[in-house]
Peer 1: 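The structure is given below, and queries will be raised subsequently.
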Amino acid sequence: MVLSLLHAAPLAPHRTVILNSLTYSKARPNSLKSKKKKKMKRKMKLKLLHHHHRHRLIAAVVLASATGVLLLLLTHWDWMPPFLLITPNSSPLSSPPFSPVPNININWMTQTQNYSTAPSPCPSPSANFDADDDDDLDSTQSPTHTDTDTDTLVSHIQSFQPQAPLWPSPADQELLLAKRQVEAAPLVSYHPHLYAPLFRNLSIFKRSYQLMEKTLKVYIYQEGDKPIFHTPELKGIYASEGWFMKLLEANKQYTTNDPTRAHLFYLPYSSRRLEYALYVPGSHTILPLSNFVKGYVEMLSAKYPFWNRTRGADHFFVACHDWGPYTTKLHEELRKNTIKALCNADTSEGVFIQGKDVSLPETFIKFPKRPQRDVGGKPVSQRTILAFFAGQMHGRVRPILVQHWGNNRDPEMRIYAQLPKSISRKMSYSQHMKSSKYCICPMGYEVNSPRIVEAIYNGCVPVIIADHFVLPFNEVLNWQEFSVVVLERDIPKLKEILVGISQKQYMDLSMNVKRVQRHFLWHMKPEKYDLFHMLLHSIWFSRLNHIHNYTS
């Protein structure tokens, strides 16, 4: 750089002056005095020329040094001023984009903690099951569905990159602080009320749960008329969304009336009530439902600034109806950014985003005043049936299951399209589950099924057959410790797989089913680590894991 600056200096005029002076002195011989004057004049010009070049050289060296130091500092800070950020799609006047601090990934799917087996209390069943049997649990068919087979339970983990909020919030800073504390969680290998092997990482879960209890505040929008809004349905196979709504709206610890303090915003509508109110039987379209949800979100974003600040990233809703995911498709921010707690946690449909959205357990509640009445089952020594299933032939998987194992082809495999009356008079549906080692839980029209939680309630090891299904609380719980997952293509080998499980392995699975029951129970008054708290924690953790420190 210095050399180039010197080379470009305009030296020609000075050279011309010197040459003219020398030529003039040769042309006219003068006296000695005149020669001395000319000689002194020439020396002064040469001296001035020397000083001029020296100053130019010093200036060039200083400029080069300053430029080098500036570039070094900018490289160290990983930031460039706008006039240097010129890309094919930008101009020199464009502003620099937000540059997020690298995200600390505290996702349990990539951090598994190893445990040595430690003694842990095993809760005893709270009651015996004496409910009526139900052979038609998945009675609603989705109007839109695509069948895609893959070789894995979950084909891939979808990435989610949240955008920077439009302005900062004190609640965001509290979440960032909590995130750092979770990332630095102390090691926990034993807990008197939590059996460590059931969790992917007990240390992270325990610390995150503690911070949720201490920090989390949820704002519940009051807009919306009943029965679609603020009207929980507590009975049936879609009861999970209603129980969460009921318990959160009555909760004072986690809710706030000041939206500026909120870390999360709850959209309190029921997907089941939405179907009741707006779906036209026989129309085979859910467009009226989707338009209603879209209009509701647009109303909130026009009335309040909170949705617009994060483009919905700190908002969530809970939907257990099969159509819950599909009703979000007309609103892009609702579909992409909002945390969706869904029973229909299907990664193949392009709506459920694993790592951001939450898989909601589908609980079949028959007695709302006594939601735990279904819990209980026979001891291992009295479970004489190897495997059991009975239900409607919904979807692609169940007909294949019955084709290979139905019609009493194997006395150890009790697989029925419908439980025959000649059999149900002697042993009901629920009694079959209580007497079986393994309860087969195939998908219906959608990937989810209430049979999974139903099996856990009855002390039966669930055998899950549903490709693309994200298991409930999969980011927290280690399902291989209390369930068996079978790929759809392996249905012909189902008995071989189950018989291949040793007695000791089965005993461990059965014991862990009883241990994990507490995390799938609803209570009239929520208890620590129960289903209400587990769901709330998964929503909290999703937000925590995707919060960033943005700088401009």
Side-chain angles (χ1 to χ4, degrees), residues 100-113 157-165 168-186 188 194 199-219 244 248 251 253-256 259-267 306-307 309-318 336-342 345 352-360 470 472-477 519 528-529 532-551:
V101 174
N103 182 28
I104 302 173
N105 187 358
I106 49 179
N107 196 316
W108 287 301
M109 287 181 286
T110 57
Q111 296 187 17
T112 303
Q113 182 175 346
I157 297 177
Q158 296 165 287
S159 61
F160 171 70
Q161 297 296 332
Q163 294 177 296
S169 165
D172 289 349
Q173 297 304 313
E174 294 173 353
L175 289 174
L176 286 168
L177 177 60
K179 181 175 183 176
R180 288 193 290 268
Q181 294 181 33
V182 172
E183 196 273 337
V188 176
L194 299 173
F199 294 85
R200 291 184 177 271
N201 193 315
L202 180 60
S203 303
I204 290 180
F205 171 73
K206 182 174 180 294
R207 187 61 179 138
S208 178
Y209 191 96
Q210 290 174 338
L211 291 168
M212 178 191 73
E213 291 181 311
K214 177 183 178 181
T215 308
L216 178 61
K217 293 298 179 184
V218 179
Y219 179 77
F244 180 81
L248 183 63
N251 189 282
Q253 176 183 355
Y254 295 110
T255 58
T256 178
T260 62
R261 295 183 57 209
H263 306 93
L264 289 166
F265 294 79
Y266 176 44
L267 307 177
F306 311 113
W307 178 281
R309 190 184 77 87
T310 63
R311 302 170 185 86
D314 54 357
H315 288 57
F316 74 95
F317 69 93
V318 179
K336 289 185 177 180
N337 301 339
T338 302
I339 301 172
K340 303 182 288 291
L342 302 171
F352 186 93
I353 302 174
Q354 186 173 0
K356 175 185 73 70
D357 295 332
V358 174
S359 180
L360 171 66
V470 179
F473 308 141
N474 186 56
E475 74 283 357
V476 177
L477 297 177
H519 303 305
K528 200 164 187 174
Y529 306 121
F532 169 76
H533 285 99
M534 292 293 287
L535 176 56
L536 187 63
H537 173 268
S538 288
I539 298 169
W540 146 270
F541 187 77
S542 174
R543 179 60 180 154
L544 202 67
N545 199 38
H546 291 97
I547 191 73
H548 294 269
N549 184 14
Y550 290 94
T551 57

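One-based numbering along the sequence shown.
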Peer 1: So which heavy atom on Ala171 is nearest to which on Ala262, and how close?
Peer 2: CB-O, 3.4 Å
Peer 1: For Arg207, enumerate each residue passing the side-chain hydrogen bond (donor to acceptor under 3.5 Å, both in side chains) test, keeping only those at least two apart in sequence or located in another chain.
Peer 2: Gln181, Gln210
Peer 1: Counting N and O atoms only, with roles assigned by atom type, does the side chain of Thr255 sit under 3.5 Å from a partner on the main chain of Asn251, one being a donor and the other an acceptor?
Peer 2: yes
Peer 1: What I'd like to find out is whether the side chain of Leu216 reaches to under 4.5 Å of the side chain of Leu264, using heavy atoms alone.
Peer 2: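 Touching, per the 4.5 Å side-chain cut-off.
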Peer 1: Heavy atoms, side chains only, cut-off 4.5 Å: are Phe199 and Lys206 in contact?
Peer 2: no
Peer 1: Is there side-chain contact between Leu194 and Val188, with heavy atoms separated by less than 4.5 Å?
Peer 2: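 With C-beta onward as the side chain, the pair stays apart.
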Peer 1: About how many Å separate CZ of Arg311 and CG of Asn337, when rounded to the nearest 0.5 Å?
Peer 2: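 Rounded to the nearest 0.5 Å, the CG-CZ separation comes out at 8.0 Å.
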Peer 1: Of all heavy-atom pairs between Asn545 and Lys179, which one has the smallest distance, and what is that distance?
Peer 2: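 Nearest heavy atoms, Asn545 then Lys179: O-NZ, 3.6 Å.
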Peer 1: Output, in order, the C-alpha distance, side-chain angles, deciding distance and verdict of side-chain contact (heavy atoms from CB on, under 4.5 Å) for Phe317 and Lys340.
Peer 2: CA-CA 6 Å; Phe317 69 93; Lys340 303 182 288 291; 3.4 Å; yes
Peer 1: Under the side-chain contact (heavy atoms from CB on, under 4.5 Å) test, which residues partner Thr260, sequence neighbours left out?
Peer 2: Asp258
Peer 1: What's the shortest heavy-atom distance between Leu544 and Leu175, and which atoms?
Peer 2: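 Scanning both residues completely, I find the closest heavy atoms to be CD1-O, 3.4 Å.
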Peer 1: What are the two closest heavy atoms between Tyr529 and Met534, and how far apart are they?
Peer 2: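 Where Tyr529 meets Met534 most closely, the heavy atoms are O-CG, 3.5 Å.
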Peer 1: With a 4.5 Å limit on heavy-atom distance, are the side chains of Arg261 and Tyr219 in contact?
Peer 2: no
Peer 1: Within the 4.5 Å heavy-atom criterion, are Phe532 and Phe244 side-chain neighbours or not?
Peer 2: yes
Peer 1: Under 6.0 Å between the ring centres of His315 and Phe306?
Peer 2: no
Peer 1: With ring centroids as reference points, do Tyr266 and Phe316 lie under 6.0 angstrom apart?
Peer 2: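 Ring-ring flag for Tyr266/Phe316: true, centres closer than 6.0 Å.
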Peer 1: Just wondering, do His519 and Val476 contact through their side chains at under 4.5 Å, heavy atoms?
Peer 2: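 The answer is no, as the side chains (C-beta and beyond) never meet within the 4.5 Å cut-off.
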Peer 1: Could you go step by step and tell me if Thr338 and Trp307 meet the side-chain contact (heavy atoms from CB on, under 4.5 Å) rule?
Peer 2: CA-CA 10 Å; Thr338 302; Trp307 178 281; 3.2 Å; yes
Peer 1: Within a strict 4.5 Å, meaning less than it, do heavy atoms of the Glu213 and Gln253 side chains meet?
Peer 2: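 Heavy-atom side-chain distance check passes, below 4.5 Å.
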Peer 1: Measure the acute angle between the ring planes of Phe541 and His537, then classify it against the limits of 30° and 60° as parallel, tilted or perpendicular.
Peer 2: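 Ring orientation of Phe541 relative to His537: parallel.
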Peer 1: Can you measure from OG1 (Thr215) to OH (Tyr254) and round to the nearest 0.5 angstrom?
Peer 2: 10.0 Å
Peer 1: Using a 4.5 Å cut-off on heavy atoms from C-beta on, say whether the side chain of Arg309 contacts that of Asp172.
Peer 2: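 Asp172 vs Arg309: side chains touch.
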Peer 1: Heavy atoms only: give me the nearest Asp314-Arg543 pair and the separation to one decimal.
Peer 2: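 Here Asp314 and Arg543 meet closest at CB-NE, 3.7 Å.
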Peer 1: If we ignore hydrogens and angles and just use 3.5 Å, is the side chain of Ser359 paired with the main-chain N or O of Val470 as donor and acceptor?
Peer 2: yes
Peer 1: Kindly give the heavy-atom pair with the smallest separation between Ile339 and Ile539, and that separation in Å.
Peer 2: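 Smallest heavy-atom distance, with atoms named: CD1-O, 3.8 Å.
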Peer 1: Please confirm whether the backbone N or O of Lys356 pairs with a side-chain atom of Ser542, one donor and one acceptor, at under 3.5 Å?
Peer 2: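 Looks like yes, one N/O pair under 3.5 Å.
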